[in-house]
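Notes follow once the structure below has been shown.
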Amino acid sequence: MTKHDPAAIQAIHRELHEHLPSDSALRVKALESVLVAKGMLDPEAVDRWVEVYSEEIGPKRGARVVARAWVEPAFRARLLEDAGKAIEDIGFEGWASAHLKAVENTGVIHNIVVCTLCSCYPIAVLGVPPTWYKSAPYRARVVRDPVGVLDEFGVRLPEGVEVRVWDSTAELRYLVVPQRPAGTEGWSLERLARLVTRDAMIGTERDLPLGPGKAR
Amino acid sequence: MTKHDPAAIQAIHRELHEHLPSDSALRVKALESVLVAKGMLDPEAVDRWVEVYSEEIGPKRGARVVARAWVEPAFRARLLEDAGKAIEDIGFEGWASAHLKAVENTGVIHNIVVCTLCSCYPIAVLGVPPTWYKSAPYRARVVRDPVGVLDEFGVRLPEGVEVRVWDSTAELRYLVVPQRPAGTEGWSLERLARLVTRDAMIGTERDLPLGPGKAR
Amino acid sequence: MDGIHDLGGRQGFGLIDVDEPEQPFHHPWEARLLGLVRAMGRPGDWSIDWFRHCRELIDPVDYLTRPYYDQWLQTYAAMMVKSGVATVAEIAAGTGKPSAVPTSPPMKPADVDSAKRAVVRFDRDSRAAAAFKVGDAVRAKGHGASGHTRLPAYVRGRRGDIVAYHGAHVLPDANALGEATAEPLYTVAFAAAELWPEAAGRRDSVRLDLWQSYLDRP
Amino acid sequence: MDGIHDLGGRQGFGLIDVDEPEQPFHHPWEARLLGLVRAMGRPGDWSIDWFRHCRELIDPVDYLTRPYYDQWLQTYAAMMVKSGVATVAEIAAGTGKPSAVPTSPPMKPADVDSAKRAVVRFDRDSRAAAAFKVGDAVRAKGHGASGHTRLPAYVRGRRGDIVAYHGAHVLPDANALGEATAEPLYTVAFAAAELWPEAAGRRDSVRLDLWQSYLDRP
């Protein structure tokens, strides 16, 4: 208990607030230098991680997962059964993917994901979350007024659609599987994957347009 | 309902935040000018109110009320019965005094006052509240950890004293009547009143010293 | 509303400024603003509870960071805009023409001496019967209200005891909407152990003044 | 803890920045900080829940205003100070000598490709019997916890239905304190009308993953 003492951490936060530079970039430089000086960090490993999360691990992964579920009924079944296991088929396992859960939109159900307590997000398949996902307005409002939040994202739900908000309070991570748009019969997995947006997999977008991008 | 529309007010707040000068003194200047220009304000009346709350209506009033309760058993009885009425005897009635309530400290009870929802305070007898009384730390903490808050004010309660925290959620206003210090037998009302501090009447001080001021 | 203002029991806030100077005001503009608020003419649709609700609606970061009287200023400014007596642009510029909205006359300097002794009562004659009596156990309602209310989150769903009855007082939830309703008002004592997970065995209590519609039988 | 982080259902927050650019990072330092966190050596007493708790303990105004990854930085810095691997002065200056506190070795660039596919599981073999089954009605505990917990305030005391059971998972409340406990974990659906005073008649629901000790029979 003394080791994990909240009052001590609060006092340290106050000290840090007072003594660290206010500029975030300077703060990061200082932290990197001290970690290197202490032999706790190899800056080249940082470079690699920056590449990985800037280029490799992002919503294109989730889009492939969704498109594959649309075209392969057996994969879809495995995905809905145990998404963490299913994405290993594609080599997408990683950070916070162990307890991944796919939730499927239907004509009468719309899913939308949040983490009201911090910022839990299916990073392995969507990359790092957008800032708004981690912001107070989204976290505060989406559980209380999901229809209002969807409206702000330009989504008007058809009458009679039931909204399910998933608040990521444990180590489960939620991936929304949007509906496959009509008029895409016979499309390749690659072509379908290009339709699937990050927001659709969070649930702040619903109907995927066949044209280029959102109409907001 | 449309007249008192929270969403409209939120939008106005955002606009004001954007368009008003950030400096508070400049904001006050602008508000005063516009009110005068609109014929809604006489600046000389403002001058008078500034005098009233800077010099006339302050904790010295409460101190007189307390000292009188110490020396006049009949007044004490009236004060505890209906403090709003009792202070009319001294001509102290005014802002928010209609439903004033006096709560008395004893050897086994300590009272402490807060308004967790805004800043309600017995202005007619104590003047305007200190900033800390209106601050988030005091409002958040005193209902949950009154002993910790008292400790921060330098007050260590004797073993076995029961703390009563009064959260001013309605139009009742609370005035703590501290205990009369030992060794003041035969003192005049005026001399006694000089012992009574603002903090003792809020409840963040307990034992009134006979010497000059607090020992913090 | 479940706003930032509902601070009772919220954890993580820091130290109290116990060494604040004793003077009532720390900047001249603070006193000026207070005086201005007391002296200004007002539209007929304002009330103490509408004011409180409008302050609660200030952006949460502004609520926690802007000076107290500055928040009063912004609240009155917002109410002026809403009531149509001024625009945001007029307030920002500090200029404007009289509006068509009727307001009470501005206070004259000579009236301050009587105004400073004016007493506003919030108790009302009411036929509403008191449902509880001193000594009764009650439970605060579990739900809050979407709009203005004076039932803090930290007592919702908690069991307490009626320690005083004050007759009928104006109900803030309705008053904030311009509706005049009065309801029996009680002081309710809640044991600390009932309110806080870390308070088992503690003897302190918190007392709140709560309206009848905030309370259920336990 | 009843901290500023517990934001679900809090009213008064403004608009969402729906036009944020799609790029994963908006400043180079953000990516750098994330990479640094993934690559650094760590003391043995850190855990995801201790990290979360330390972030929750950031000053409320900083929590609402400082950039997200900046808060990560401050949280890791605070954990480093608490664990004794660095002082505040060293972090502020960006210099220091190796500490005596044992840490895991810093990650090598060549190890990133396997590390990026590493999967950390939070389910545990446990003999703890599941007290509820899918379809059961439950009521979330009315009290929160003084320390770290993952039971948000907005469902406390509310009635919901178990819609999934996930076996035993590491309990955050204990994990934040360095204690390894696992408990049955459930997904619980709460009707909006049960949670919010303005939601009567609405059909939407909120689903949360909650541990057995957060739940009672209704």
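Just so we're on the same page: letters track the sequence lines, and every chain starts at 1.
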Checklist line | Contacting moiety of C:Thr187, where chain B heavy atoms sit under 4.5 Å | finding: side chain
Note to self: Using a 6.0 Å distance limit plus a 45 degree cone around the ring axis, check whether C:Arg38 lies over the aromatic ring of B:Trp95.
What the structure shows: yes
Checklist line | Side chain, backbone, both or neither of B:Ser168 within contact of chain C (heavy atoms, under 4.5 Å) | finding: backbone
Item checked: Interchain contact, B:Val52 with chain C, by part (heavy-atom threshold 4.5 Å) -> side chain
Check: Under a 4.5 Å heavy-atom cut-off, does chain B meet the side chain of C:His148, its backbone, both or neither?
Finding: neither
Checklist line | Within the 6.0 Å centroid threshold, strictly below: C:Trp196 and C:Phe190 | finding: no
Check: In terms of heavy-atom proximity below 4.5 Å to chain B, should C:Met80 be classed as side chain, backbone, both, or neither?
Finding: side chain
Next item on the list: Please look at C:Leu64 and chain B and tell me whether the side chain, the backbone, both or neither of the residue comes under 4.5 angstrom of a heavy atom of that chain.
Entry: side chain
Notebook entry, point to check: Is it the side chain or the backbone of C:Ile91 that comes within 4.5 Å of chain B heavy atoms, both, or neither?
Noted result: both
Note to self: Using a 4.5 angstrom heavy-atom cutoff, name the option from B:Gly127, B:Ser119, B:Ala7, B:Ser24 with the most pairs to chain C.
What the structure shows: B:Ser24
Check: Given that the side chain runs from C-beta out, which part of C:Ile4 has a heavy atom under 4.5 Å from chain B: side chain, backbone, both or neither?
Finding: neither
Checklist line | Atom group of C:Asp45 that falls short of 4.5 Å from chain B, counting heavy atoms | finding: both
Checklist line | Residue part contacting chain C, namely of B:His19, when any heavy atom lies under 4.5 Å | finding: both
Margin query: With a 4.5 angstrom heavy-atom cut-off, is it the side chain or the backbone of B:Thr131 that approaches chain C, or both, or neither?
Written below: both
Check: Relative to chain C, which segment of B:Leu117 carries a heavy atom at a distance below 4.5 Å: side chain, backbone, both, or neither?
Finding: both
Checklist line | chain B contact via C:Pro24 - which portion, at a heavy-atom distance below 4.5 Å | finding: both
Next item on the list: Could you tell me which of C:Glu30, C:Gln23, C:Arg202 has the largest number of non-hydrogen atom pairs under 4.5 Å with chain B?
Entry: C:Arg202
Notebook entry, point to check: Which bit of B:Glu51 is near chain C, if near means a heavy-atom gap under 4.5 Å: side chain, backbone, both or neither?
Noted result: neither
Next item on the list: Scan B:Val176, B:Val177, B:Ile109 and name whichever one has a side-chain contact (heavy atoms from CB on, under 4.5 Å) with B:Glu104.
Entry: B:Val177
Margin query: So for B:Tyr174, is it side chain, backbone, both, or neither that comes closer than 4.5 Å to the heavy atoms of chain C?
Written below: side chain
Notebook entry, point to check: Is chain B contacted by the side chain of C:Val120, its backbone, both, or neither, given a heavy-atom distance below 4.5 Å?
Noted result: backbone
Next item on the list: Examine whether an atom of C:Leu208 lies under 4.5 Å from a heavy atom of chain B, and if so say whether it belongs to the side chain, the backbone or both; otherwise answer neither.
Entry: both
Next item on the list: Counting only heavy atoms closer than 4.5 Å, note whether C:Ala78 contacts chain B via side chain, backbone, both or neither.
Entry: both
Item checked: Side chain / backbone / both / neither for B:Pro43 at chain C, heavy atoms under 4.5 Å -> both
Check: Based on non-hydrogen pairs under 4.5 Å, which of C:Ala176, C:Pro21, C:Gly147 is most in contact with chain B?
Finding: C:Ala176
Check: Relative to each other, are the rings of C:Tyr69 and C:Phe25 parallel, tilted or perpendicular (30° and 60° limits)?
Finding: tilted
Next item on the list: Using non-hydrogen atoms and a 4.5 Å limit, figure out which bit of C:Asp111 sits close to chain B: side chain, backbone, both or neither.
Entry: neither
Margin query: Closer than 3.5 angstrom, by distance alone: can the side chain of B:Trp166 be matched with the main-chain N or O of B:Arg173 as a donor-acceptor pair?
Written below: no
Item checked: Atom group of C:Trp72 that falls short of 4.5 Å from chain B, counting heavy atoms -> side chain
Notebook entry, point to check: If you count heavy-atom pairs under 4.5 Å between each of C:Asp49, C:Leu73, C:Asp17 and chain B, which one has the most?
Noted result: C:Leu73
